[in-house]
Every structure is written in structure tokens, then in C-alpha cells.
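Have a look at the structure below before the remarks.
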Amino acid sequence: MSEKKADNAEERRRNGEVEEEEDEDEGENDLEAWERAYADDRQLERWISNQILVGSPDYHIKVLVDKLGCAGDASLQNALDLVYENLNDIPSYGHREALILYSALTTCDSADIMETIQKCKKSKLRCSIIGLSAEIYICKHLCQDTGGTYSGIRRGLLLEHAPPPPAIAEFAVSNLIKMGFPQRGAEGVISICSCHKEVKVGGGYTCPRCKAHVCELPTECQICGLTLVSSPHLARSYHHLFPITPFNEVLSALLSDLRHTLPRVCFGCQQTLPIPLHGSKTSLRVTCLKCNQHFCFDCDIYIHESLHNCPGCESRRHPKILNLSE
Amino acid sequence: MKFKIDEVTVYFPYDNIYPEQYSYMVDLKRALDAKGHVLLEMPTGTGKTIALLSLITSYSLSKPTNPPKLLYCTRTVHEMEKTLAELRLLHNYQLQHLGDSARILALGLSSRKNLCVNPSVVSSNSRDSVDAACRKLTASWVREMAVGNRNVVTCEFYEKYEKAGSEAVLPPGVYTLQDLRTFGKEKGWCPYFLARHMVQFANVVVYSYQYLLDPKVAGIISKEMQRECVVVFDEAHNIDNVCIEALSVSVRKQTLEGATRNLSKMSQEIDRFKATDAGRLRAEYNRLVEGLAQRGNLPLTDAWLANPALPDDILREAVPGNIRRAEHFLSVLCRLVQYLKGRLETENVEKEGPVAFVASINSQIGIDQKMLKFCYDRLHSLMMTLEITDTDEFLHIQTICDFATLVGTYTRGFSIIIEPFDERMPHIPDPVLQLTCHDASLAIKPVFDRFQSVVITSGTLSPIDLYPRLLNFHPVISRSFTMSLTRDCICPMVLTRGSDQLPVSTKFDMRSDPGVVRNYGKLLLEMVAAVPDGVVCFFVSYSYMDGIVNSWNEMGILTKIMEHKLVFIETQDVVETTLALDNYRKACDCGRGAVFFSVARGKVAEGIDFDCHYGRLVIMFGIPFQYTLSRTLGARLEYLRETFQIKEGDFLTFDALRQAAQCVGRVIRSKADYGMMIFADKRYKRHEKLSKLPGWILSHLRDAHQNLSTDMALHIAREFLRKMAQPYDKSGSSSKKTLLSQEDLDKMGDGAHEMLF
């Protein structure tokens with residue numbers, strides 16, 4: 001259970017906070033400012049080193065907003081170098097990913113950017129760029145080379161980047177890491193948190209190993225260095241890394257031939273599956289490729305967007321696990 | 001995929017076909033059936049070449065009894081290689097489907113410089129010196145000498161090729177120049193002579209325009225092609241200029257001085273022969289008496305450039321008596337050179353027709369028209385007799401004889417213009433005597449007469465009705481195709497006003513106005529700040545470009561441009577320009593962005609592609625009219641008006657706009673590409689100018705974009721770029737198909753192609 005990729009969460013979080021900011025005010029002037037935040041390297045550096053492995057989105061938003069002003073020519077290479085330096089320490093089971101919002105039309109680099117791109121590619125740093133103005137070749141090239149996506153600006157695009165990409169099989173190697181699952185502190189207890197060195201009343205978490213108090217999960221314990229997560233974090237990143245394959249629509253021809261042998265109710269909600277009109281092409285039902293159970297469209301959406309588990313596959317897997325434990 | 005057009009099964013090596021390719025093929029097929037000539041305009045990036053090749057080869061396959069041969073003419077070696085590579089793909093596909101019966105022989109033919117494999121020969125740097133070095137090793141008399149004398153060097157490749165005799169053939173297949181060289185090296189045969197030999201048997205020959213149009217070259221290479229040939233001129237928008245150049249000669253002071261040196265060397269040779277081998281000169285004399293201008297069937301290696309006049313115009317009679325003897329002929333040439341020298345010393349510009357010129361030669365130095373006419377053949381014969389192999393050194397006297405023969409042969413369509421200095425630099429004396437041809441139809445006429453179908457095609461042939469008049473032929477089909485696009489990926493704009501709403505133009509009285517210069521600068525400045533990667537600018541001439549860049553520099557506009565993009569500039573030096581282009585590409589690749597300043601009618605405008613990110617925007621500053629004060633142009637315009645009833649203004653506008661279209665067409669090289677084109681001159685908005693642009697540009701030029709100012713153009717550019725950055729569906733939406741699959745074509749069946757357009 002604990003061997004899975006919790007570390008990707010830290011990288012994801014950066015995207016997460018970016019997208020929240022985007023939701024609050026969508027205006028072009030702010031977009032311009034975003035590019036600047038990235039282009040000015042010194043501030044970027046401070047920002048990244050501050051925020052790495054801090055869980056709270058609020059914290060990130062605060063840091064970003066504070067650091068928006070900057071000046072000078074944009075340099076994609078500088079930005080990439082910094083991202084590379086900061087993410088290179090992440091263990092191999094984690095995802096390295098950079099989402100760049102770029103609105104300049106040029107990049108003034110001090111050295112050959114192609115080498116930097118190769119470096120990123122080698123360390124499996126996935127770079128995605130959202131171009132805020134016109135399409136620039138080097139950005140597209142960077143994304144293609146590192147396996148990211150390039151897109152021109154449009155509404156809701158940042159949100160599309162929020163779910164993490166599925167794990168790439170070749171480096172989804174299993175690995176054991178130590179993790180703590182701290183308990184939430186009781187209400188009304190006064191404690192000094194180890195991250196801000198401030199007195200807090202209630203809330204917070206306690207590291208199971210050294211009993212230190214932290215404010216937010218996931219994080220790394222400041223005292224003993226243990227990675228602290230909560231189980232929903234793990235579960236969520238697992239779902240994103242290994243998403244359920246999309247369900248296939250049942251062919252209407254098949255339906256009319258085998259009407260009697262096919263199930264009549266949706267496996268998810270147990271409601272009767274609607275019977276399509278005669279001659280219509282859609283059969284109004286989908287089927288999971290793995291367990292071959294039939295679902296209605298509502299359940300299909302619910303399973304893929306919220307549940308992230310296929311009831312059919314889960315119920316089939318149970319007896320197996322029981323067998324193993326016997 | 002394979003599909004049927006009428007009774008012909010067409011093999012097409014890709015799974016999908018563009019609708020315009022399909023209708024292009026249909027039209028081409030009809031023209032081949034009618035055995036007539038065609039004029040087809042189709043935008044670049046729509047796969048013209050493959051459509052042509054696959055239709056014509058499939059057409060030949062469907063006529064097994066008498067398959068027509070394909071002669072494909074390209075402008076450059078690079079295009080030749082590209083065409084052959086495409087043909088190979090097609091050939092492999094046909095072999096897959098038809099087996100061995102589809103086997104053809106296709107090869108490219110180029111000069112010795114591109115084909116020679118002998119390291120000692122090919123190391124020479126110019127084309128003429130490679131030719132001469134080859135002759136030195138392979139001329140018949142050198143080889144005869146080598147039989148007796150071991151110290152005489154010959155070319156081992158040619159010797160081996162000769163030894164193999166009739167066995168030296170190319171097995172069927174598609175050969176690029178590189179393949180020919182490899183094959184030649186492997187077998188030890190000379191690829192050049194092998195290729196020249198195999199041209200007679202090949203099904204497809206790809207070579208340069210000159211091999212058909214220039215009578216000097218066509219006479220030895222393309223003489224024996226049968227009538228059942230389909231001749232294709234690709235990228236033929238400048239074909240009239242090629243035709244004219246093929247029949248024009250210009251003589252400068254250096255030429256005449258060189259000719260004098262050549263003559264004295266020849267007279268020394270003659271003296272030497274007289275002393276040692278007088279029989280040889282006498283034999284030549286006797287041969288000339290018998291009326292053989294040449295020595296019958298010359299060995300292949302001795303064949304020299306043929307007569308510069310067109311085959312039909314060459315007299316088949318004996319060389320006139322007074323130039324039969326070598327020394328007499330030399331003295332005639334001496335007098336001619338002397339006369340031309342005298343004419344060059346003039347102070348004023350002189351213009352004369354060939355008839356008056358010949359008459360004055362006759363009255364002053366006593367050389368009549370007939371003697372002039374035979375100059376070329378006589379010189380050729382003499383050089384054979386004197387066993388001269390270093391032909392590159394005798395180029396000057398050859399030029400003089402070319403000139404004499406052309407002047408003697410033609411009375412119409414030519415004029416002789418003597419200019420003591422260049423119009424633009426009146427203080428530097430640079431006398432030049434030009435024999436210029438005005439009639440493009442002269443050189444191409446034999447091609448139209450000899451071959452059953454001639455296809456003239458290019459991306460820019462508008463207005464399409466002018467070409468038949470210029471080239472004097474009657475096409476059975478002339479058509480202009482538009483591009484079917486999944487999205488509006490080209491955005492032409494006509495910019496007439498600057499940001500201060502004052503008109504901009506490169507009209508002569510306005511071009512140096514600082515306001516116009518500043519407005520142009522502002523336009524570029526605003527555009528480089530809004531357009532990513534590469535921007536290409538075309539100016540009307542080198543001098544104008546120098547002037548305006550200088551003023552921009554003084555105004556500080558150039559420094560501001562450099563903040564956004566690096567600036568590169570085309571010069572008249574080829575090496576410098578190549579270097580600039582390389583660095584321009586690098587700057588575009590690495591994201592720094594760059595601007596390239598270039599000149600319409602220059603090398604870059606004709607041959608370099610700025611596809612994808614290398615050219616997102618092209619700005620045409622002004623209308624690239626020819627230099628209208630030039631005497632040669634004036635004479636040509638006059639001739640066109642008198643002979644073909646083409647008005648001066650019409651021709652000039654046509655010529656300027658085809659150049660402009662050519663320039664802006666550089667940015668779109670495929671359908672996935674996108675780019676903007678700005679025509680920055682107030683004169684473009686007039687209907688008579690705009691209507692001469694090719695249809696595929698016009699169809700994207702909205703009415704609202706025909707009279708813009710800088711700020712409006714900037715706004716449109718921003719919108720366009722943002723739209724183009726969005727992903728799109730490559731195969732097109734269901735309402736309008738832009739990619740047809742096998743099924744679509746089957747469904748359409750006959751007569752359906754009218755539905756498409």
C-alpha cells in the first residue's frame with residue numbers, strides 16, 4: 001500500500017494552486033503577470049524552494065501573489081534549469097512535472113536551450129506549456145520531446161492540467177517507502193506547530209514517530225523527516241495514476257441479437273437499463289472491458305469522474321483476495 | 001490507394017487524397033487523351049508533384065502498346081532529387097500491386113559536375129572547368145593517343161564504360177543522381193555518359209529546363225526523344241524568362257578581350273599544325289567543301305554544345321567559301337571582335353534591330369549575314385580539328401560566335417542594345433552589348449511542336465490567360481485550382497495606411513518620404529512584437545532595402561526590432577546569404593525569433609522555403625515592379641505590344657504580382673502549416689492589381705482585409721495567431737471533406753468531381 005507514488009502529489013500541488021488562482025480572476029492582465037513570475041529567475045527560485053512539499057493550496061496562492069512583480073526578458077532555459085534543479089532530487093517513483101504559462105513570444109537564453117531540453121528529457125521531467133499568446137515552435141518542441149502537452153490559451157485549460165497524467169509503465173517500478181499516517185489533533189488542544197513555530201489551538205496533525213505537530217498534510221516531518229500523508233491523498237493519486245479504462249458502448253446490433261442473454265439492469269445502480277428505440281444506433285448502455293458488466297450512462301460518468309473504481313471489477317476481485325488470505 | 005479515372009486505373013501511394021489532387025488528375029488525364037497542352041495552377045503544399053507523377057505513370061501503364069514517355073523538368077537539382085524520391089515511393093507502390101509488369105526506368109540527368117565520379121575531375125569548382133577536365137580525359141583524340149602512349153591519362157570510368165559497350169545498361173528502377181553515382185562507382189562505369197545513353201530508353205527522365213529549352217543543350221540531349229512524350233514544366237511561373245535567357249547573349253569588354261586572346265592562341269595552333277600536320281587542315285577544308293559542317297557522327301565525348309539557334313532555323317547547306325579555310329575564318333572573327341570593340345566604345349545608349357546591325361557589319365567590315373550564321377558551326381569544326389580540349393578557356397570566343405549566329409539567324413523578336421554604363425551608376429563605365437530576345441515563344445516553340453503533350457504547372461500562374469499569349473500556344477485545358485483547407489490557415493491582408501493613417505507605398509515619388517519609411521518601420525516593429533518565431537520581409541530591390549534599413553537604423557527602429565527578434569539580411573553574395581539563412585533558422589529553432597530581410601526576384605524569393613515556424617508572417621513592402629527604365633525591358637515591352645497586343649502596364653503588373661505571389665507563397669508549404677501575408681502598399685487595393693493574384697490567395701482575402709492600417713492589421717494578426725494555436729481536426733469536418741479515402745472516391749464514381757468544386 002505504501003509503496004505507491006505519494007510524491008507526485010507534491011508536484012501536482014503546484015498545478016493545483018495555479019489553477020485555483022486562475023479560477024478566481026480570469027483576465028489577460030493577470031496572465032501577463034504570470035509569465036513574469038516565471039521569467040524572473042531569482043524570484044522563481046525563492047518561490048520554488050519555499051513551497052516544495054508544503055501541502056496547503058492557500059499557502060501557495062499567497063506566495064505566488066506576493067511574488068508576481070518582476071522585469072526583464074523571459075528565458076525559458078533559466079526557468080527550465082531551475083525546475084530541473086529543484087525536481088531532480090525527487091525519488092524515481094515520483095512524477096516530475098512542470099506546467100509553464102508562457103506569454104512572451106521569444107526566449108533569450110544564455111546557452112543552447114536544446115541541451116537543456118535533452119537534460120529534462122533524460123530525467124523524465126514532463127513539461128507542459130500553456131501558450132498565452134501565439135504558438136511558439138520551441139515550446140511545442142519542448143513539450144513534444146518531454147512528453148507533455150502544448151496548448152494555446154482557452155477557457156478552462158488550466159483545470160484540464162490538474163488531474164495528474166497516468167503513470168508511465170516503464171518507471172512505475174514498485175518501491176517501498178516509509179510513511180506516517182498522523183492523526184488529527186483533538187479540538188481545543190494547544191500546541192506549537194513544527195512548521196511555523198507558532199502556537200496553534202486545535203487542528204493540526206501529530207507525527208506518529210516523533211509526536212511533532214504539523215499544520216497541513218501532506219508534508220515531511222520537520223523533526224524526523226518522515227513523509228506524512230493521509231490515506232485519501234494516497235487513494236486520490238492512485239486513481240489518477242491508474243485510471244479506469246473508458247467503458248465501451250455496446251453495439252446496438254449485438255443488443256438486438258442477444259437481448260435475452262444480456263443483463264437487464266445496470267450493475268452500478270441496479271436500475272433497469274433503458275431499451276433503445278428500434279433502429280437507433282445507440283444502445284444506451286456501456287460495458288467495462290475488464291469485467292464485462294453493463295452500466296448505464298449516469299453510472300459511467302459517476303464511476304469515471306468521482307468514484308474512480310469500477311464496481312464490477314471490485315466485486316470480482318474480492319473473492320480472490322479472500323482466497324489469498326486463506 | 002487505387003482508383004479509376006475513366007478507363008485508367010490510377011495508383012496513388014498514399015491512403016488519402018486531397019480533392020484538388022483528384023480533380024487535377026482528372027483534368028490532366030483529359031488533356032493527355034486529347035494529346036494537347038495544359039496549363040494548371042495549383043497552390044504549393046497540395047501535392048502537385050505526386051499527383052502529376054502518379055497520373056502520368058499510371059496512364060503509361062494503361063497504354064502498354066505505346067506508352068508515352070515522361071520528361072519532367074525542374075528548376076534546381078534539389079527539386080530534381082525530391083521529385084525522384086517521390087517517384088521511387090510511387091514506383092514501389094506500383095510494384096506491390098502490379099508486380100514486375102510495372103517496372104520502369106527513371107533517372108535524373110544533370111551536368112558532369114553533379115554526376116562525375118572521377119575524383120581528379122570533379123574537384124574542379126565550376127561547371128565549365130569540370131566539363132573541360134572531362135574532355136581532356138575522354139576526347140577521342142586523347143584516347144587514340146593513349147592507345148600508343150602509356151603516359152597519356154584517360155578516365156578509367158569512361159574506359160570501362162566504353163569497354164562494356166552495349167552491355168552497359170542500367171537495370172530498371174528509379175535512380176536519383178546519388179544513385180547513379182553509386183551505381184557508377186560500383187560498376188566502374190562513368191555515370192554521366194551512362195545516364196546520357198540511358199535517357200533514350202528511360203520511361204521517366206527528370207532534368208533541368210535547359211535540357212529542353214536552351215537550343216545549345218537540347219540539340220545534343222533531347223534531339224532523339226520521340227513524339228509520344230509528356231513534357232512537364234514544374235514551378236513554371238518564370239518559364240518565359242528562362243526561354244528568353246536561352247536565346248540572349250551579352251558581350252562585355254572582358255569577353256572581347258578574352259576572345260582576342262583565344263584567337264591569337266588559335267592562330268598559333270594553326271601555324272603549328274601547318275608545320276607539322278598540314279593534312280589535317282586540308283581534310284577539314286575538303287569536308288567543308290562537301291557541305292558537312294560537322295564530322296558526321298561524332299563520338300559521344302566530343303559532342304559539344306550544339307548550335308545556339310533553334311533546330312528549324314539552322315541552314316542545312318555548305319559553309320560559305322570565304323570562311324572554309326581556317327586562317328580566313330580566324331581573320332573574319334578578328335574583324336568581328338574588332339568591330340564589336342569599336343561599337344562598345346560608344347558614349348550613348350544605342351538600340352538597333354538585328355537587320356540594321358547586320359547591315360552595318362556588312363558595310364563596315366564586309367561580313368555578310370550568311371557568314372555570321374555559320375560562325376558557330378565553323379568554330380566548332382575548327383576546335384575539333386585543332387584538338388582543343390580546355391573548352392573552358394575558350395568560352396569567350398564561343399560567346400562571340402553564339403552572338404554572331406543568333407544575329408545572323410533571327411530578324412524578328414530580337415534587339416541589340418549597347419549601354420556604355422549602368423543606368424543606376426552612371427559614373428562607372430561598364431559597357432555592355434546585349435542581344436536580347438523579346439519573344440519567349442521562340443525558344444519553347446520546338447517543344448510545343450515536337451511533343452504531344454506539354455504540361456505547364458506551378459503554384460502561381462495567375463492570370464492564367466496571359467501565359468498562352470506570351471508563349472504563343474493553345475492549351476486544351478487551363479485551370480486554376482484552389483486549396484481545400486480544414487481551417488483558414490492563410491491570412492492575407494492588404495495594408496494601405498500606416499499607424500498615422502497616411503498612405504504607404506513604394507511608388508517612386510513616395511518611397512523616400514520619411515513618413516512612409518517610418519510607417520513601414522512601425523509596421524514591422526509592431527508585427528515582430530506580436531508574431532512568434534520567423535518573420536520574412538521582402539523589399540522591391542537591393543538598393544531600396546539598403547536605403548530603408550539605413551533609415552530605420554538612424555531612426556532607432558532597428559534597435560527596437562532587435563529587442564524582439566534578431567535581424568538577418570540577404571546580400572548579393574551567395575555564401576553570405578546562405579550563412580545568414582542558416583543562422584536565421586537556428587534563431588527560429590531556439591525560440592529567439594528572427595526577421596529575414598530579402599529582395600523580391602532574389603535567390604531567396606525564388607528557391608528558399610520558409611515553412612512552418614520559419615515563416616509565420618511575410619511582409620511584402622511595395623510592389624516588385626521591374627526596373628522600368630531598363631532598355632532591355634523597354635524593348636521587350638514594345639515588342640510585346642506590337643506582336644501580342646499586350647499592354648505595357650498589363651505585362652508589368654502581371655510580372656510584379658507574380659513575383660509578389662511567389663514571395664508570399666514561400667510561407668505556406670503544406671496544409672498543416674499556417675501563415676499571414678501582408679501586402680504593404682496602397683496600390684494593392686486597386687482591383688486591377690488584386691485580381692492578378694492567384695486564386696488560392698484571393699479566396700482567403702476578405703473584403704474587410706483589403707484596406708487596413710497598421711493597428712487594424714495588428715489586431716487581426718493577434719486574433720489569427722491565437723486561433724491557429726488551437727488544436728484542429730486534420731481530416732476536416734464532415735460538411736466539407738478535405739481528405740478523400742478510397743471509399744469516398746468509389747462512392748463518388750464518375751461525374752462526381754463536379755460536386756466537389
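Just so it is clear, the model here is predicted, and its values are computed rather than measured.
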- Query: Taking side chain as C-beta onward, heavy atoms only, is A:I136 less than 4.5 Å from B:D533?
  - Reply: yes
- Select one option (side chain, backbone, both, neither) describing which atoms of B:A717 are under 4.5 Å from chain A's heavy atoms. neither
- Task: Using a 4.5 Å cut-off on heavy atoms from C-beta on, say whether the side chain of A:C108 contacts that of B:R592.
- Result: yes
- Message: Using a 6.0 Å cut-off, check whether atom NZ of A:K119 has over 12 heavy atoms from anything other than its own residue.
- Response: yes
- Part of B:C588 lying under 4.5 Å from any heavy atom of chain A: backbone
- Task: Measure distances from B:F720 to the heavy atoms of chain A and classify the residue's part below 4.5 Å as side chain, backbone, both or neither.
- Result: neither
- With a 4.5 angstrom heavy-atom cut-off, which part of A:D112 approaches chain B: side chain, backbone, both or neither? neither
- Message: Would you compute the distance between atom CG of B:L566 and atom OG1 of A:T106 and round it to the nearest 0.5 angstrom?
- Response: 9.0 Å
- For chain B, find which of A:L105, A:L76, A:L142, A:I117 contributes the most heavy-atom pairs closer than 4.5 angstrom. A:L105
- For B:L721 and A:A134, which heavy atoms make the closest approach, and how far apart are they? CB-CB, 3.6 Å
- Message: Working note: A:I138 + B:H613, criterion side chain to side chain contact (heavy atoms under 4.5 Å, CB included); need CA distance, chi angles, decisive distance, verdict.
- Response: CA-CA 9 Å; A:I138 190 72; B:H613 63 287; over 6 Å; no
- Are B:R616 and A:E135 ion-paired here, with the side-chain N under 4.0 Å from a carboxylate O? yes
- So does B:K671 have more than 12 non-hydrogen atoms from other groups sitting under 6.0 Å from NZ? yes
